Amino acid sequence: MKLLSALVGVVLLLSAVALGVAAQTSQPQPYKVVFDLTSSDPLDQQAVLRWINEVKAVNPKTETEVVMYGRGLDLIIAGKTTRAADVAKAINDLHANFRVCAIAMKNQQVDKSQLLPNVEIVPDGIGEIVAKQRAGWGYIKVGH
Amino acid sequence: MKLLSALVGVVLLLSAVALGVAAQTSQPQPYKVVFDLTSSDPLDQQAVLRWINEVKAVNPKTETEVVMYGRGLDLIIAGKTTRAADVAKAINDLHANFRVCAIAMKNQQVDKSQLLPNVEIVPDGIGEIVAKQRAGWGYIKVGH
Amino acid sequence: MKLLSALVGVVLLLSAVALGVAAQTSQPQPYKVVFDLTSSDPLDQQAVLRWINEVKAVNPKTETEVVMYGRGLDLIIAGKTTRAADVAKAINDLHANFRVCAIAMKNQQVDKSQLLPNVEIVPDGIGEIVAKQRAGWGYIKVGH
């Protein structure tokens, strides 16, 4: 009888969790999304910056992060990027995270001093993306 | 003792859930997959249409959805697409969902009347993809 | 009272699970990641092979798998690939899985005998990727 009560409790709890998940997936609820940028194509750079603006306009509580490795680094290297102002706006006004892979920086001999302001360094860009996915963030590969 | 019984109940319940998940991941069980299309490349358009056919052939209960934003819109604009018949077949015969981002439509000045029949509009294409991921759908970025 | 005890037990159990998940997402914990390769671009082939090396260097317990379909097959067809030695190293030394889609092989008239050694065949490449995602593996689309 106690076991039955306990199981009823568990089922009620799990149902509440399920309802919570359902509520989170109905738009325009806020969400969390990580963008995977390995391209230096201006169209892809422009696209990810536009998407951050657009999803924040849908719901300002939506959280965004851009992880850059491979050719994606070009977006956040001062003197190389053509989008410094847009990146600054995304970070400062829209609270987007821009995180660059330390391994890619080393491969491409990019020093911390060359990064745009407030770009963060993560030890392993792929690991960062996988961790975000496991934590329930959506994943979008930037490309066209 | 009652707590012990309760915990045993919880463990049994979670085990049952885990077994259910394991069963779902063994092929050729049906699955759910959302395709992210931001490309107007004919090879990518052709690929996603072929993949829908192929995964439905593996198991007709598999559910597919294509979310289009950015340059992906070209696939479902009448007069612009070269794949209208394939899209119609995917929607009508294979029960695939084709969903286009309202923000991208506005950006590109595409009106509802220009869409192929039975293409649905979602308010936020990225939000749609993230919601599907959170609901347990697999995610495939279309590209090559 | 028993129900309360049971619920406390459930909450403690779920907290332990949550802590376990949190521990798994902090770097440099090992992780599992599946790479989706549909490109025959030498830069993409080179990138995925380099990434396997790099994430294994961060933590040798990290598990990697490359699923190839579409144009991705070129990487593992003997006589066509330019990366046979790197693929062999990834499989033999780094214990990466290389899995190719049987549907794509049939479409492209590729026979089992043409594959590089130890490349595995899966019935449905997209199904393989979706199954991995459902099993908690991270997903990375290879592209640039």
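By convention in this document, chain letters (A, B, ...) are assigned in the order of the sequence lines, proteins followed by strands, and residues within each chain are numbered from 1. Please read all numbers here as calculations on a predicted model, not as lab measurements.
Between Val58(B) and Ile103(C) there is a side-chain heavy-atom pair separated by less than 4.5 Å. Considering only heavy atoms from C-beta on, Arg71(C) comes within 4.5 Å of Leu43(B) through its side chain.
Panel note: side chain Arg134(C), backbone Gly136(B); a donor-acceptor pair is recorded below 3.5 Å. Without hydrogens or angle criteria, Gln133(C) side chain to Tyr139(B) main chain gives a donor-acceptor distance under 3.5 Å.
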Glu54(B) vs Ile126(C), side-chain contact (heavy atoms from CB on, under 4.5 Å): CA-CA, chis, key distance, verdict | CA-CA 10 Å; Glu54(B) 290 168 350; Ile126(C) 289 173; over 6 Å; no

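In terms of heavy-atom proximity, Asp36(C) sits nearest to Lys141(B) at OD2-O, 4.4 Å.
Side chain to side chain, Asp124(C) and Tyr31(B) meet the donor-acceptor criterion of an N or O pair below 3.5 Å.
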